[in-house]
Amino acid sequence: MTDPLQPLATSLRTHPCGALRAEHAGQTVRLGGWVHRSRDLGGLVFIDLRDRAGLVQVSFDPATSPAHVIAAATSAGVESVVLVEGTVALRPEQMRNKEMASGDVEVRATSFTVVGPAVTPAIPVARGKGEKMPAEELRLRHRHLDLRRPELQANLVLRHRLMQATRRFLSDRGYLELETPILTKPTPEGARDFLVPSRMHAGEMFALPQSPQIYKQLFMMSGLDRYFQIARCFRDEDLRADRQLEFTQIDIEASFVGREDVMVMAEGLVHALWAEGGHAIKVPFPRITYADAMERYGCDRPDLRYALEIRDVTAAFAPLDFVVTKSAIAAGGRVRGIVIPGGGGWSRKQVDELEALAKSAGASGLLRVKRTGTEYEGPIAKFLDDAAKSALALNDGELGLFVAGPDRTANPALDRVRQECAARLNLADDKALAFTWVVDFPMFDQDPETKALAAVHHPFTSPNPDDMKARPGAPESWRAAGADVRAARHHGPGRAGAALRLPARGAAGGGPAARRDRLRLRPDRDAARRRDLAARRDRLPQDDGGPRPVRGGTHAGARRGPA
RNA sequence: GGGGGCGUAGCUCAGUUUGGUUAGAGCACUCGACUGUCACUCGAGAGGUCGCGGGUUCGAGCCCCGUCGCUCCCGCCA
């Protein structure tokens, strides 16, 4: 690959500042940049000059720089835009700076011109080690200053490279980069549309698409076969730290493909993108079914960097004369929980905190028992007979935490407790990514009271064809023909590994009426969707998949997080 | 829509618990000193409607009421 900085030479400069290295020693160079920081030692002055490529130290020494040049450098304020001419010189051995990419050299200035004198910046650009960032509001108000920071520029550069890598990868595999309209009719998706008033049609609104769901399928019906788009998406929901009004997603659709084709392609793209970012990740990703994930981790996006798996101990509690578990089991629930090595040493207060967590997630309580030697302690210990003790299989020093009740409430509670325990025990490897596929999601979630069905994912995923054939009258039991990529979250600003989601897609299943019902279409609205469904009668290519969106990490300069 | 937190110098923050002299620190800024620094160092200086409005009080940055802004969480959201 050609050096991406090489073309930066112009009639005014010979090199970008940050590109200078020992190999340039002896050359006369002209530079343009911003005064990042300066150090006046009295007669000897240093300026760290900054541009997009990085920093370089410019020295102003009476032995090499004319007096008026030194005077000009002395009075130049930080963030002034300057032009410098000088000679690249190797620094004396002791004066090299290993923390600076250009730290082996400096530019000995023979000429110095301030082309843009700066006022004191409203927020500091150069930041010392350990200094905090200004408030988000101020950073956004003075965005031009904020974006001068090398770390933010690095984000934008990475974003650019990821986009180029995406285009390269997909184009090489026959995907066409096509665009779909931004101003559309409102659609019955999950997130609320951004609405834009129309001048020509007073009282009516356009909607900005939360994602380009609809029109891309026209491409498939039309026979374009493979499409992708690095698409801007919009949603009018309340914000969170990791949720933005607008964001970018890589949207892909393909025809004549099966689930394996989609998964292999998606793994390849994820692999290529992380490789571009300097991370080697292993493919294929391990796979886990939704049912397995819920059973072992209580969560459809388990953090697989650590085990701490959920156990079913219903059999141990079933014979016991203990009202809590007895009534839960009688009502069709189970008793499940996790066993924590070393948890026996946790204080009453620490365990109470876990119980509060479980309760806030919907559990009625958290049963606890710890084993010390042959002794069992805790509120439920007195109910345990020898058979139950051996069934629990607690080792010395271990703490057992259990939830009794229906999976529907126990799962989220156990998930929260498991994650908190892992955090306390520092079980997760910060550097690990733990990519995994979660497959065989249920198609629908059924409200236990109203029996109403709601799509677990977006409602346009195809049901598993085998399930549809086997139990045509029981859509609540169907699995979806989709799969999600999950990655354990990283913690810390700017390092969030995105949660990637790649549900496959297709028709909603059932007849047109059932589809309409499931999609919650209103006959008087949703014209675009109705037209789409109608067009399906003209036949889609066999299609259980065009993965939707690889999400996350592509929105420049902003805090990143799972979508 | 609901709940919590915050708002003091250009920036980051102490000070509010228990009201009491002239509201402080670090960085940045200005001036001065300093010839190998790299968050240079040292000395001096300037810089404040304590978010805004009202109230209680002899006296409010501090207590009370209202209001605006920011932020986090729940709801919502893929």
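Order of the sequence lines fixes the chain letters, A, B, ..., with proteins taken first and strands second; residue numbering starts at 1 for each chain.
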> From B:U37, B:G69, B:C38, pick the nucleotide closest to the side chain of A:Glu137?
B:G69
> Fill in the dot-bracket string of RNA chain B, one character per base: . for unpaired, | for a pair to another strand, ( ) or [ ] for pairs within the strand, taking Watson-Crick or G-U pairs under 3.5 Å.
(((((((..((((......[...)))).(((((.......))))).....(((((..]....))))))))))))....
> Please check if the number of heavy atoms outside A:Glu177 that lie under 6.0 Å from its CD is greater than 12.
yes
> Taking atom types as they are modelled, would you say the side chain of A:Gln57 forms a donor-acceptor pair with the base of B:U37 within the 3.5 Å cutoff?
yes
> I'd like to know if A:Arg39 reaches the base of B:C34 with its side chain, counting only an N/O donor and acceptor under 3.5 Å.
no
> Counting distance alone, no hydrogens or angles: does the base of B:C38 have a donor or acceptor under 3.5 Å from a partner atom on the side chain of A:Asp48?
no
> To the nearest angstrom, how far is A:Ile47 atom CD1 from B:A39 atom P?
16 Å
> Any idea how A:Trp437 and A:Phe285 line up, ring-wise: parallel (<30°), tilted (30 to 60°), or perpendicular (>60°)?
tilted
> Between A:Thr87 and A:Arg108, is any side-chain donor less than 3.5 angstrom from a side-chain acceptor?
no
> Would you kindly give the CG-to-P distance between A:Leu138 and B:G69, to the nearest whole Å?
16 Å
> Could you check whether A:Phe60 and A:Phe112 have their ring centres less than 6.0 Å apart?
yes
> Treating primed atoms plus P, OP1 and OP2 as sugar-phosphate and everything else as base, which nucleotides of nucleotides 26-33 of chain B get B, S or - for protein heavy atoms under 4.0 Å?
-SSS----
> Among the candidates B:U71, B:C13, B:A39, find the nucleotide nearest to the side-chain atoms of A:Lys129.
B:A39
> Select from A:Pro92 and A:Pro134 the residue whose nearest nucleotide in RNA chain B is closer to the 5' end of that strand.
A:Pro134
> Could you tell me how far B:A9 sits from B:A28 if I compare only their C1' atoms? Round to whole Å.
11 Å
> Hey, does the side-chain of A:Arg91 have a donor or acceptor N/O within less than 3.5 Å of a partner on the base of B:U37?
yes
> Can you tell me which nucleotide in B:U35, B:C38, B:U37 comes closest to the side chain of A:Glu106?
B:U37
> Please state how far atom CE in A:Met95 lies from atom P in B:G36, giving the value in whole angstrom units.
8 Å
> So does A:Asp407 get a backbone contact from the side chain of A:Asn411, meaning a donor-acceptor N/O pair under 3.5 Å?
yes
